[in-house]
2 protein chains.
Amino acid sequence: MSNSSLKTTMLITKALADRQRIRILMLLRDRELCVCQIIAVLALAPSTVSKHLSILGAAGLVEHRREGRWAYYRLPGGSADAASRSALQWIEASLGRDKTIEIDDRKLAKVLACDPEVLCRQQRRC
Amino acid sequence: MSNSSLKTTMLITKALADRQRIRILMLLRDRELCVCQIIAVLALAPSTVSKHLSILGAAGLVEHRREGRWAYYRLPGGSADAASRSALQWIEASLGRDKTIEIDDRKLAKVLACDPEVLCRQQRRC
DNA sequence: GTAATAATTCGTCATGTGGCGAAATGTAAA
DNA sequence: TTTACATTTCGCCACATGACGAATTATTAC
């Protein structure tokens, strides 16, 4: 992924060219999230969200770790490709104060408030 | 266009999510170009290129002026939206030395060398 | 082990998108 | 005016993509 070819750039631009994937990236701004928490905010089928996350991952725009049966996704750290990082910076700057994103943030706050650090199932049933 | 909403951002990301449109933006890096010159380099149907240019225009990623029956396209100047400008900066930085882009640059050089500042028809027949 | 659960993969469907040629538009040359 | 030409718009087709549910995988709970 650390190659700045047109192909790599297209992976990133295509990953960014979807409303739901942008929403996911914005949700991950300050914290990592479990897939079920993302599902709860976006209100999409688990399979759909999983597919979006795999596209973001292939573009180097998210990383993930597994913990038991849960998968936690986060924005890439310092080891990430320069193109990915600057793309993310651009997205965040462009969406400073968007209505949809703010609503998502509030939804996320409620999901997180339910029972932090506990099972996704419980968090999803807020 | 000077509004940083999700909708506007999506216009930009969708415009960037196509290989041919990226090639067009890179061709326009240092100069404005007539549509027929772009057609000559990309080797696509005029209607296809025109459609791409209108998508880029709607996203604020190119501007154009008409001169007689020719239309000249260029990257947006200082009056452009901040989101558009930073997107273009990101694209240019990401594609510093790509093979396809370099080949396009050489093709463009030949097209321009043919008969600069003269009719598109002649330039297309190099 | 068996059951339950989180996530992913797969198959399918509806819609979006990129490509072209034909027709339309607008301008310059004859 | 008539013709030629650059570009755009329109209609169509093939393919890509996003959505879902069902089936699968992997892990924990019983």
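Heavy atoms only: backbone and side chains are in, while hydrogens, waters and symmetry mates are out. In what follows, every chain begins at residue 1, and chains take the letters A, B, ... in the order their sequences are listed.
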Starting at atom [atom1] of [X], determine the distance to atom [atom2] of [N], rounded to an integer number of angstrom.
X       : N      : atom1 : atom2 : value
B:Tyr72 : C:dT27 : OH    : P     : 15 Å
A:Leu33 : C:dA7  : CG    : P     : 11 Å
A:Leu53 : D:dT17 : CG    : C1'   : 16 Å
B:Lys51 : C:dG21 : NZ    : C1'   : 16 Å
B:Arg69 : C:dA30 : CZ    : C1'   : 11 Å
A:Glu32 : C:dA7  : CD    : C1'   : 16 Å
B:Asp18 : D:dC15 : CG    : P     : 17 Å

The side chain of [X] lies closest to which of these nucleotides: [options]?
X       : options                : value
A:Val35 : D:dA6, C:dA22, C:dT8   : C:dT8
A:Ser47 : D:dT28, D:dC20, C:dA28 : D:dC20
B:Ser50 : C:dG21, D:dT8, C:dT8   : D:dT8
A:His52 : C:dG26, D:dG18, D:dT7  : D:dG18
B:Pro46 : D:dT7, D:dG21, C:dG18  : D:dT7
A:Gln20 : D:dA19, D:dA6, D:dG21  : D:dA19
B:Ala45 : C:dC20, D:dC20, D:dA6  : C:dC20
B:Leu44 : C:dC20, D:dG18, D:dA29 : C:dC20
A:Ile55 : D:dG18, D:dT28, C:dT9  : D:dG18
A:Trp70 : C:dA7, D:dT9, C:dT17   : C:dA7

Drop me the distance from A:Ser94's OG to A:Leu16's CG, to the nearest 0.5 angstrom.
-> 10.0 Å
To the nearest 0.5 Å, atom CD1 of B:Ile12 lies from atom CH2 of A:Trp90 at 5.0 Å
With sugar-phosphate meaning primed atoms plus P, OP1 and OP2, does B:Lys14 contact a base, only sugar-phosphate, or nothing at under 4.0 Å between heavy atoms?
-> sugar-phosphate
Indicate, with a heavy-atom threshold strictly under 4.0 Å, whether B:Arg19 touches base, sugar-phosphate, or nothing.
-> nothing
Member of B:Asp98, B:Ile38, B:Val41 meeting the side chain to side chain contact (heavy atoms under 4.5 Å, CB included) criterion with B:Asp104 | B:Val41
Honestly curious: do B:Met10 and B:Leu61 fall in one hydrophobic cluster under the side-chain, below-4.5 Å linking rule?
-> yes
Closest nucleotide of DNA chain D for A:Arg66 versus for A:Thr48: which of these residues is on the 5' side?
-> A:Thr48
Would you kindly compare A:Glu67 and A:Val49 by the position of their nearest DNA chain D nucleotide and give the one closer to the 5′ end?
-> A:Val49
Do B:Arg29 and B:Glu92 sit within salt-bridge range, that is, some charged N less than 4.0 Å from a carboxylate O?
-> no
Within less than 4.0 Å of OP1 or OP2 of C:dG18, is there a side-chain N or O belonging to B:Arg21?
-> yes
Give a yes/no answer on whether the side chain of A:Tyr73 brings an N or O atom under 4.0 Å of OP1 or OP2 in C:dA6.
-> no
Decide side chain to side chain donor-acceptor pair (under 3.5 Å) for A:Ser47 and A:Ser50; before the verdict, give the C-alpha distance in whole Å, the side-chain angles of both, and the deciding distance to 0.1 Å.
-> CA-CA 5 Å; A:Ser47 58; A:Ser50 184; over 6 Å; no
